[in-house]
Every structure is written in C-alpha cells, then in structure tokens.
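Worksheet: the structure to be examined is printed underneath.
No experiment lies behind these values; they were computed from the predicted model shown. Numbered from 1 within each chain, the chains take letters A, B, ... in sequence-line order.
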There are 2 protein chains.
Amino acid sequence: MLQTTIEMEKAAVILKLLGDKTRLTIMKLIDNQACCVCEFVEIFQVSQPSISQHLRKLKDLGLVKEERKGQWIFYSVDKENEYYSFIKPILDQLPNQDYKLKELEENGTRISCC
Amino acid sequence: MLQTTIEMEKAAVILKLLGDKTRLTIMKLIDNQACCVCEFVEIFQVSQPSISQHLRKLKDLGLVKEERKGQWIFYSVDKENEYYSFIKPILDQLPNQDYKLKELEENGTRISCC
DNA sequence: TTAGTATATAACTATTTGCTTATATATACA
DNA sequence: TGTATATATAAGCAAATAGTTATATACTAA
C-alpha cells in the first residue's frame with residue numbers, strides 16, 4: 001500500500017503548530033467534541049485573546065472549523081480537511097484529555113455555554 | 001487494540017522539534033541511512049554550527065544517535081528510542097528525501113566522508 | 001609533534017512566538 | 001433601543017528560536 005504524502009513545507013508548518021502544548025491539547029480535545037472559547041480559557045487559565053489567537057492559527061491552516069451557536073462559537077477538528085490524515089495518527093497517540101472538561105463541570109466552573 | 005500514549009508535554013516538545021523544516025528533513029533522511037554533518041551542510045546550504053545545533057537538539061531528546069567513524073560522526077534515527085513509535089507514522093507520511101543525497105553525488109559536491 | 005579536517009560550543013543578533021491589555025465586533029435579551 | 005456577554009483584533013513586550021562568526025575540541029596523517 002502506498003502511503004499518501006504531504007509536502008515537507010506544509011508538514012513542518014503543521015507540526016510547528018502542534019508543537020505548542022496548549023494547541024496540541026485543544027486539538028486532542030476537539031477531535032472528540034466541539035468546544036467553545038470560554039471553555040479553553042477556563043481549562044488553560046490564560047486570557048481569552050490568547051485562546052482566540054491559537055484557534056486563529058489552527059483555523060488559518062484549515063485544521064479546525066467553527067460553528068456559531070448564538071453568541072458562542074464552537075470549534076472542532078475539521079475531519080474533511082486534506083491534512084487530517086496527517087495529524088490523525090499523532091492525535092491518536094495522545095492521552096485522552098476529556099477529564100479536563102469533566103473537571104470544569106465538577107468545579108461548576110464550566111461556563112453557561114455548555 | 002489499545003494505542004500506547006505519550007505524555008502531552010513530551011509530545012509537544014517532540015512536535016516542536018519536528019516543526020522545523022531543516023530538522024524534519026534531516027529526520028526523514030536519516031530514517032533510512034546514516035549521514036554526517038558535512039552532508040547536511042551541503043544539502044541545506046547553512047553553516048556547520050547551524051547543523052550541529054539542530055542535531056544537538058534532536059540528540060538531547062534521544063531521537064537520533066551518533067556513531068563516530070574516524071574524524072566523521074554519522075547520525076541516524078534512534079529506532080530503539082521510546083518515542084520512535086510516536087514519530088514513525090509522521091516520518092512515514094513525508095515524501096522521500098533521498099534525492100537530496102543523490103544530487104550531492106551528481107554534483108560531485110558530496111564530501112569525502114561518504 | 002604538527003598541520004589539516006570535522007565537529008561542537010560560545011557568544012551574539014534578528015526574527016518569531018505567545019502572552020498581555022485595550023478595544024472592536026457580534027449576538028442575546030430586557 | 002441599550003446593556004451584557006462572547007469572541008476577534010490590534011498593539012506592545014519578554015522569551016524563545018535559528019541563524020551567524022569566532023573559537024575550542026577531537027581525530028588523522030605526515
């Protein structure tokens with residue numbers, strides 16, 4: 001079986017994006033479910049613009065898609081994207097991060113949106 | 001089948017290293033064969049210290065191993081390393097880069113070491 | 001021992017990165 | 001409307017990064 005390949009340039013750009021712990025965790029989380037910005041702000045304890053900027057970079061590459069629901073915007077991995085097959089084996093090897101969402105619920109710090 | 005996982009922290013560090021085009025290409029090249037520093041200097045057209053510093057970072061994480069042969073040091077991917085299973089699916093999706101070595105031979109610019 | 005070659009390390013610099021605060025935009029709802 | 005909430009963008013800054021030149025170290029061979 002011939003593996004499909006990806007340009008080196010593009011691969012490097014994607015790997016660099018995934019090489020940030022915050023973005024990598026976001027990607028692992030939204031590979032399973034859609035999350036909104038406010039959840040990430042709680043989870044990572046950083047400012048809202050910081051999260052927005054991470055999401056912007058992921059979106060610019062087409063790795064994530066967004067869906068507005070009222071005043072919230074939900075982000076999830078875009079599995080239709082041509083590079084998803086490249087990142088999937090990476091995400092699959094990462095430990096599940098859903099406990100971070102559970103923690104939010106338990107603390108009651110999970111915001112109104114979800 | 002249960003996939004083995006890797007800590008998020010470690011995964012991010014490895015991906016960041018691979019997120020540089022020079023290092024990524026080096027890794028792809030030495031997944032097949034051992035190469036010495038002087039070859040990389042020719043291939044990437046950067047200074048020798050620049051290559052040495054890239055290799056140092058890869059070695060610090062244990063991703064590559066070195067073998068001295070006389071005055072030359074040959075680098076190759078360390079397939080015994082515990083993280084090799086993490087990076088292998090990534091490298092496998094990259095286009096083969098061996099033509100870069102062939103070009104060196106054809107140009108006669110491939111240095112004495114090889 | 002000495003000269004030449006290969007590689008590593010140190011020191012410096014320009015660029016990139018990820019964060020912050022301040023502000024703009026978009027939606028919901030009284 | 002007008003106010004509150006969610007998100008995006010702009011601007012600025014400190015830290016990290018990848019390159020450079022200069023120099024040190026390690027090995028070869030005369």
Side-chain angles (χ1 to χ4, degrees), chain A residues 8-9 12-27 29-30 34-76 104 109-114, chain B residues 8-9 12-27 29-30 34-76 104 109-114:
Chain A
M8 295 299 289
E9 183 70 43
V13 170
I14 291 174
L15 292 170
K16 180 172 289 179
L17 273 201
L18 297 182
D20 176 273
K21 195 183 174 188
T22 301
R23 281 191 298 261
L24 187 62
T25 307
I26 287 177
M27 287 296 286
L29 273 169
I30 64 179
C35 294
C36 66
V37 176
C38 57
E39 291 181 289
F40 298 131
V41 171
E42 280 302 313
I43 289 174
F44 299 108
Q45 293 288 300
V46 293
S47 67
Q48 171 266 311
S50 176
I51 295 296
S52 278
Q53 285 156 14
H54 283 307
L55 291 168
R56 180 60 142 69
K57 289 176 184 175
L58 294 171
K59 196 169 67 107
D60 282 351
L61 268 187
L63 301 185
V64 308
K65 61 184 178 188
E66 59 183 38
E67 186 186 359
R68 181 177 279 275
K69 282 186 183 167
Q71 49 187 333
W72 299 285
I73 299 176
F74 285 77
Y75 284 88
S76 56
L104 287 195
T109 44
R110 193 158 180 188
I111 315 287
S112 51
C113 64
C114 315
Chain B
M8 294 298 290
E9 183 71 43
V13 170
I14 291 174
L15 293 171
K16 181 172 289 180
L17 274 199
L18 296 183
D20 175 275
K21 196 182 173 187
T22 301
R23 282 191 297 261
L24 187 62
T25 308
I26 287 177
M27 287 296 286
L29 273 168
I30 64 179
C35 295
C36 67
V37 176
C38 57
E39 291 181 287
F40 297 130
V41 172
E42 280 301 312
I43 289 174
F44 298 107
Q45 294 288 302
V46 293
S47 67
Q48 172 266 313
S50 176
I51 295 296
S52 278
Q53 285 156 14
H54 282 308
L55 291 169
R56 179 62 142 71
K57 289 176 185 176
L58 294 171
K59 195 169 69 107
D60 281 351
L61 269 187
L63 300 186
V64 309
K65 61 185 177 185
E66 57 182 41
E67 188 187 358
R68 180 177 279 278
K69 283 186 183 168
Q71 49 188 332
W72 298 285
I73 299 176
F74 285 78
Y75 284 87
S76 57
L104 286 194
T109 45
R110 193 160 181 183
I111 316 287
S112 50
C113 64
C114 313

Polar atoms only, N or O, under 3.5 Å: list the protein pairs with nucleotides 15-17 of chain D and their distances.
none

* side-chain contact (heavy atoms from CB on, under 4.5 Å) between Thr25(B) and Ile43(B), worked out -> CA-CA 10 Å; Thr25(B) 308; Ile43(B) 289 174; 5.6 Å; no

Distance (rounded to the nearest 0.5 Å) between [X] [atom1] and [Y] [atom2]:
| X | Y | atom1 | atom2 | answer |
| --- | --- | --- | --- | --- |
| Leu55(B) | Ile30(B) | CG | CD1 | 6.5 Å |
| Ile26(B) | Leu58(B) | CD1 | CG | 6.5 Å |
| Glu39(B) | Tyr75(B) | CD | OH | 13.0 Å |
| Met27(A) | Leu18(A) | CE | CG | 6.0 Å |
| Thr22(B) | Gln53(B) | OG1 | CD | 12.0 Å |
| Lys59(B) | Ile73(B) | NZ | CD1 | 8.0 Å |

Rounded to the nearest Å, what distance is computed from the [atom1] atom of residue [X] to the [atom2] atom of nucleotide [N]?
| X | N | atom1 | atom2 | value |
| --- | --- | --- | --- | --- |
| Phe40(A) | dC19(C) | CZ | P | 14 Å |
| Trp72(A) | dA4(D) | CH2 | P | 17 Å |
| Leu55(A) | dC19(C) | CG | P | 12 Å |
| Glu42(A) | dA6(D) | CD | P | 11 Å |
| Phe44(B) | dA18(D) | CZ | P | 14 Å |
| Phe74(B) | dT7(C) | CZ | C1' | 13 Å |
| Lys59(B) | dT7(C) | NZ | P | 13 Å |

* To do: State, with a plain yes or no, whether a side-chain heavy atom of Lys57(A) is found less than 4.5 Å away from one of Leu63(A).
  =>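 No - every pair of side-chain heavy atoms lies 4.5 Å or more apart.
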
* What's the shortest heavy-atom distance between Cys35(A) and Phe40(A), and which atoms? ->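 So the two residues come closest at CB-CZ, 3.5 Å.
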
* Minimal non-hydrogen separation, Glu42(A) against Gln45(A), with atom names ->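 Looking at all heavy atoms of both residues, the closest pair is O-NE2, 2.9 Å.
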
Can you find a side chain N or O atom of [X] that sits less than 4.0 Å from OP1 or OP2 on [N]?
| X | N | value |
| --- | --- | --- |
| His54(A) | dT17(C) | no |
| Tyr75(B) | dA8(C) | yes |
| Arg56(B) | dA8(C) | no |

Give each protein N/O atom lying under 3.5 Å from an N/O atom of nucleotides 25-30 of chain C, with the pair distance.
none

* To do: Classify the side chain of Glu66(B) versus the base of dT7(C) as yes if they form a donor-acceptor pair under 3.5 Å and no if they do not.
  =>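 No such pair is found, so the answer is no.
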
* Asked: Is Arg23(A) reaching over with its side chain to a backbone N or O of His54(A), donor-acceptor style, under 3.5 angstrom?
  ->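 No, because the side chain of Arg23(A) does not come within donor-acceptor range (under 3.5 Å) of the backbone of His54(A).
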
* Is a donor on one side and an acceptor on the other found under 3.5 Å between the side chain of Arg68(B) and the backbone of Gly70(B)? ->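 Yes; at least one donor-acceptor contact below 3.5 Å.
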
* Asked: 5'-most contact on DNA chain C: Val37(B) or Gln53(B), nearest heavy atom basis?
  ->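 Going by which nucleotide is closer to the 5' end, it is Val37(B).
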
* **Contacting residues from residues 45-52 of chain A, given that a heavy atom lies under 4.0 angstrom of DNA chain D** =>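 The stretch gives Gln48(A), Pro49(A), Ser52(A) as the residues lying under 4.0 Å from the strand, ordered by number.
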
